[in-house]
Amino acid sequence: MPSQTLNLRLTPTDNARLQNLCGPLDENLRQIEAAFDIAIARRGEHCRISGEPTQARRAADALRHFYAHASQPLSIDELQLGLIELARSHVERPGIQPTAGLLTRKGDLHGRTPHQVEYLQQIQDHDITFGVGPAGTGKTYLAVACAVDAFERDQVERIVLTRPAVEAGERLGFLPGDLAQKVDPYLRPLYDALYDLMGHDKVGRLFEKGSIEIAPLAYMRGRTLNHAFIILDEAQNTTPEQMKMFLTRIGIGAKAVVTGDVTQVDLPRGQRSGLVEARAILSRVRGIAFTDFDASDVVRHPLVARIVSAYEAAAIEREEKKAGHNAS
């Protein structure tokens, strides 16, 4: 792509706003550079933006946006989430409307990308929803938020969160402690989401009452889960048998969300992922919804989206080389 230099003047001139926009040691400008893969050179209120033309224009829009909101210092959260919102505005799809606010401790929690908005709507409209995509796209966090919302509205009686205890290069036997202590690190992301959305004290009380349960997937066998909101996280690490077992646990008045990233399967080589198989088998089953996320949905550091895109491009290149080699 050809590079372009775009000149921008931030008006009205306000040194305090400029300082808040740039951040300590120009950290905010570096975040914007990373998000749009451009370079910014600033002298006073004048900015020179260099990069691919479309990205340079979007970076200029971002600078105008943040300058207008820089009457107070910009936190890193405000900046990075704002960058995600701006990226969404360029790819907004017709027919996808933001859902109503979720009843959690986070009053402004909502979908920040078209796929996230679609995902929340799918969860509300279907009893079983699959969220498939790379790390950082909010699959698990938004699913837990929906579970908390359903619980707070008395739509379900309990929340059940589970995931397979499988990790890359690890074995449970190498970890210290009893079984509960061994599996606890694998379930930590689910605890973190609950604490963030409900607070430590309330989550602790609900654990004691049995209203919230977090357990390894193996503990689900033989159970029927009625009037519960059930989340299976890291589903790419289930076997087909485990996936079928989980999906058949769902009882009366229950809702289930399955999340996973099919590019990060940690099963033994040659073992088929239950998530991949479920996608192929259940794609046309009425009442089951699938939402696919991609790098544009990453709600983490702006570099994460570019890392995901780089890995996706490398995978496509490998497949093309393999296809060319087989053809010859």
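What's counted below: heavy atoms across the whole structure, side chains too, no hydrogens, waters or symmetry copies.
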Identify, with sequence neighbours excluded, every residue that meets ring pair (Phe, Tyr, Trp, His ring centres under 6.0 Å) alongside [X].
X: Phe293; answer: Tyr119
X: His69; answer: His65
X: Phe207; answer: Tyr191
X: Phe290; answer: Phe130

Heavy atoms only: give me the nearest Val160-Ala228 pair and the separation to one decimal.
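The answer is CG2-CB, 4.3 Å.
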Please report the shortest heavy-atom distance between Ser273 and Gln236, naming the atom on each side.
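That closest heavy-atom pairing would be OG-O, 2.9 Å.
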Answer yes if Val285 and Leu247 sit in the same cluster of Ile, Leu, Val, Met, Phe, Trp and Tyr residues linked by side chain heavy atoms under 4.5 Å apart, and no otherwise.
yes
Answer yes or no: is there a donor N or O on one side and an acceptor on the other, between the side chain of Glu234 and the main chain of Asn237, under 3.5 Å?
no
With sequence neighbours excluded, tell me which residues meet side chain to side chain contact (heavy atoms under 4.5 Å, CB included) with [X].
X: Arg318; result: Ala314, Ala315
X: Thr224; result: Asn226
X: Asp294; result: His115, Ser296, Asp297
X: Arg153; result: Leu103, Asp149, Gln155

Check step by step if salt bridge (charged side-chain N to carboxylate O under 4.0 Å, His left out) holds for Glu213 and Arg223.
CA-CA 13 Å; Glu213 176 185 352; Arg223 302 179 62 184; 2.7 Å; yes
Tell me whether Asp61 is salt-bridged to Arg58, with the criterion being a basic N under 4.0 Å from an acidic carboxylate O.
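Salt bridge: no.
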Presence of salt bridge, Glu241 and Lys244, under 4.0 angstrom:
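Result for this pair is no, no salt bridge flagged.
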Suppose the criterion is side chain to side chain donor-acceptor pair (under 3.5 Å): which pairs have a residue in residues 281-292, not counting sequence neighbours?
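Found Arg279-Asp292.
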With sequence neighbours left out, write down each residue that passes salt bridge (Lys or Arg N to Asp or Glu O under 4.0 Å) with Arg249, or none if nothing qualifies.
none
List for me each residue that meets salt bridge (Lys or Arg N to Asp or Glu O under 4.0 Å) alongside Asp196, sequence neighbours excluded, and say none if there are none.
Lys106
My understanding is that only residues two or more places apart in sequence, or in another chain, count here; which of them pass side-chain hydrogen bond (donor to acceptor under 3.5 Å, both in side chains) with Glu152?
Lys202
Without hydrogens or angle criteria, can the side chains of Gln122 and Asp125 be said to hold a donor-acceptor pair below 3.5 Å?
no
